[in-house]
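A, B, ... follow the sequence lines: proteins, then strands. Residue 1 opens every chain. Everything numeric in this text was worked out from a predicted model, so none of it was measured.
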Amino acid sequence: MPDKPTTDRRSFLKLAGMSTAGAVTVAAGTVAADARESLQKEESGYSETEHVKKVYELARF
Amino acid sequence: MQAFENTASPASENFAGEELVSEEDRLRAQIYRLIAVFLSCPPTQKNLKKVSGIKGDDGEFGRALNSFAKIAGNTNEKAVDTEFHDLFIGVTRGELLPFGSYYQTGFLHEKPLARLRTDMAEMGIERVEGLKEPEDHIASVLEIMAGLIEGTYDRRASLAEQKVFFDRHVNSWASQFFTDLENAGNSVLYSPLGSVGRLFMDIEREAFDMS
């Protein structure tokens, strides 16, 4: 793989906002981690989310 | 959320190579997860507070993140729960149906869902037991993108592999969905999240073209 496209892509992503902005990293990272935890806690009782039920209702037609 | 698990290798300890993911890629994965978390179920007060601290840069994408953060800080769990309900659940149906099959064919459970299931099976990804939701929900395909980038499912996917999944299952409809979310009558917090998603899809599309 040539090196240049990778470098361009990385520069582009940085310019587009995918860089430092440490706050984004921290907030987004911890939100995702929390969601994982809460799902694990609910694991045994987790069956259908609200929109799943709705989809099944819609699918009957 | 983590609605999917890897079936290719048991109990994969997959973050071993995490430090090798570049900062840009780690952020991409986190943005995918952030959007997925908010679209999979109504957010908790704790998560609203957390995202209210997000500070984007001066670019268009950063400003969209800032709008989202500002509204997250000014709303509450109960209001967002109502908003989520009106948008995605509703009395007979929500304002939006966030499924790839619906967006691409006008019907749920059509070929795009079948194609996604086939590709997931090949990658060794399946729904966690007990989760009956169709896999082509927007939150699901975004979560899979994050997993491919981070290597949650056995190993990190190459950019070329990420692009294949993105083109087949995300790019084909996600931008339209995010535009609808931005403009939905019931969207308050979800309007700037729609902008974040739409702009992020633009960024991803352009970046993949460079890879």
Side-chain angles (χ1 to χ4, degrees), chain A, chain B residues 1-3 22-31 33-34 36-38 40-44 46-47 50-57 59-62 65 69 84-85 88-90 92-94 97-99 108-109 128 130-134 137 146 159 199-200 202-203 206-208 210-211:
Chain A
M1 287 288 270
D3 213 32
K4 197 161 179 299
T6 312
T7 314
D8 285 351
R9 178 176 173 276
R10 293 187 64 177
S11 315
F12 167 77
L13 283 169
K14 273 186 186 146
L15 271 174
M18 300 297 128
S19 69
T20 53
V24 179
T25 317
V26 173
T30 50
V31 166
D34 266 19
R36 268 198 289 271
E37 268 171 37
S38 68
L39 181 68
Q40 275 157 10
K41 273 178 207 154
E42 291 169 24
E43 212 165 24
S44 52
Y46 193 71
S47 56
E48 291 187 1
T49 62
E50 282 183 273
H51 53 249
V52 179
K53 288 179 200 157
K54 183 54 69 185
V55 165
Y56 286 162
E57 279 171 34
L58 287 167
R60 278 189 220 123
F61 293 101
Chain B
M1 197 171 64
Q2 199 72 10
S22 70
E23 188 196 2
E24 303 86 69
D25 285 336
R26 196 161 48 236
L27 270 164
R28 287 173 59 223
Q30 283 172 350
I31 297 292
R33 281 202 199 284
L34 173 71
V37 165
F38 274 75
S40 64
C41 53
T44 59
K46 202 171 147 195
N47 274 349
K50 275 182 185 163
V51 297
S52 73
I54 290 179
K55 285 187 178 59
D57 61 20
E60 200 181 2
F61 181 67
L65 277 172
F84 187 94
H85 190 273
F88 303 117
I89 298 154
T92 53
R93 55 157 276 193
L97 284 170
F99 297 93
L108 297 162
H109 299 123
V128 294
L131 187 73
K132 297 196 177 79
E133 169 182 24
H137 189 280
L159 269 180
L199 293 165
F200 183 50
D202 291 345
I203 293 167
E206 200 163 332
F208 275 131
M210 294 175 177
S211 61

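E206(B) touches chain A through backbone and side chain together, each having a heavy atom under 4.5 Å away. Heavy-atom distances place the side chain of L159(B), and not its backbone, under 4.5 Å from chain A.
K14(A) NZ to L27(B) CG: the interatomic distance, rounded to the nearest 0.5 Å, is 11.0 Å. Here the straight-line distance linking atom CZ of F61(B) with atom CG of L15(A) works out to 14.0 Å at 0.5 Å rounding. How far CD of Q30(B) is from CE of M18(A): 10.5 Å, rounded to the nearest 0.5 Å.
When all heavy atoms are compared, the tightest approach of A207(B) to R9(A) is O-CD, 3.5 Å.
Screening R28(B), M210(B), E23(B) for a side chain to side chain contact (heavy atoms under 4.5 Å, CB included) with L13(A), the sole residue that qualifies is R28(B).
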